[in-house]
Amino acid sequence: MNSKKKSFFEGVYEVVKKIPYGKVTTYGLIANYLGAFKSARMVGYALNSSHKYLDIPAHRVVNRNGLLTGRHHFSGSLLMQELLENEGAIVIENKIENFHDMLWDPSSKIK
DNA sequence: ATTCTGACGTGGG
DNA sequence: CCCCACGCCAGAA
């Protein structure tokens with residue numbers, strides 16, 4: 001069957017929407033899951049366009065250091081941190097302290 | 001078509 | 001962990 005060719009952006013949205021509550025993932029893992037390990041930058045770029053979409057928990061996507069790199073793109077710089085802390089994350093200085101604890105790999109959903 | 005950008009990652013120090 | 005330099009590549013102008 002012919003799968004509709006989804007844009008890189010659409011692929012990113014699908015994965016991000018599947019991030020479970022209280023979990024976070026990285027741009028690199030999403031890119032890797034989409035088969036474009038080298039296009040991690042594009043993931044963030046795609047999330048930037050996700051503003052006009054609904055149900056895109058972009059706040060659960062951080063960089064490899066657990067740093068809230070995209071907090072500036074939210075409505076208010078603190079919104080992203082508030083959401084993460086609400087889900088059990090410990091954010092200090094824009095960085096998730098228990099990052100490893102709540103990290104979720106999109107490949108895990110395949111199991 | 002070309003050029004620039006960017007919510008990143010890796011490797012080395 | 002931090003800092004620096006380079007690579008990556010899909011979309012926008």
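Just so it is clear, the model here is predicted, and its values are computed rather than measured. Residue numbering restarts at 1 for every chain, and letters A, B, ... go by the order of the sequence lines.
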Inset, instruction - Report the nucleotide, chosen from C:dA10, B:dA7, B:dC8, that has the shortest atom-to-atom distance to any side-chain atom of A:His73. - result: B:dA7
Legend entry - For atom CD of A:Glu10 and atom P of C:dG11, their distance in whole Å: 9 Å
Legend entry - Check: A:Trp104 main-chain N/O paired with A:Thr25 side-chain donor or acceptor under 3.5 Å: yes
Inset, instruction - Tell me whether A:Phe37 is reachable from A:Tyr33 by hopping between hydrophobic residues (I, L, V, M, F, W, Y) whose side-chain heavy atoms are closer than 4.5 Å. - result: no
Inset, instruction - Would you please confirm or rule out a distance under 4.0 Å between OP1 or OP2 of C:dG7 and any side-chain N or O of A:Lys38? - result: no
Inset, instruction - Quickly work out the A:Tyr13 OH to B:dA7 C1' distance and round it to whole Å. - result: 12 Å
Inset, instruction - Measure the distance from CG on A:Asn63 to C1' on C:dC8 and round it to the nearest whole Å. - result: 17 Å
Inset, instruction - Looking only at side-chain atoms of A:Tyr45, point me to the closest of B:dC8, B:dA7, C:dA12. - result: C:dA12
Inset, instruction - Mind calculating the distance between OH (A:Tyr33) and C1' (B:dG9) to the nearest angstrom? - result: 21 Å
Legend entry - Nearest-nucleotide 5' precedence on DNA chain B, A:Arg64 against A:His59: A:His59
Inset, instruction - Report the distance from atom CE of A:Met42 to atom P of B:dG9, rounded to the nearest whole Å. - result: 14 Å
Legend entry - Side-chain donor or acceptor of A:Asn98 paired with backbone N/O of A:Asp101 under 3.5 Å: no
Legend entry - 5' priority, DNA chain C, between A:Ser39 and A:Lys95 [closest heavy atom]: A:Lys95
Legend entry - Protein-nucleotide distance (A:Leu67, atom CG; B:dG9, atom C1'), rounded to Å: 14 Å
Inset, instruction - Return no unless some side-chain N or O of A:Ser7 is found under 4.0 Å from OP1 or OP2 of C:dA10. - result: no
Inset, instruction - Look only at the side chain of A:Tyr27 and the backbone of A:Met42, and say whether a donor-acceptor pair between them is shorter than 3.5 Å. - result: no
Inset, instruction - Write down the distance between CG (A:Leu68) and P (B:dC8), rounded to a whole number of angstrom. - result: 11 Å
Inset, instruction - Look at all strands and tell whether A:Asn48 reaches a base, only sugar-phosphate, or nothing, counting heavy atoms closer than 4.0 Å. - result: base
Inset, instruction - Measure from the side chain of A:Tyr27, starting at C-beta and using heavy atoms only, and say which of B:dG9, C:dC1, C:dG11 lies closest. - result: B:dG9
Legend entry - Under-4.0 Å salt bridge between A:Glu87 and A:Arg60: yes
Inset, instruction - From the options C:dC1, B:dG9, B:dA7, select the nucleotide whose nearest atom is closest to the side chain of A:Thr26. - result: B:dG9
Inset, instruction - Grab the CZ-C1' distance between A:Phe8 and C:dC8 for me, whole Å please. - result: 10 Å
Inset, instruction - Give A:Ala31 one of three labels, base, sugar-phosphate or nothing, depending on what nucleic acid heavy atoms sit under 4.0 Å from its own. - result: nothing
Legend entry - A:Arg41 side chain, from C-beta outward: closest of B:dG6, B:dA7, B:dG9: B:dG6
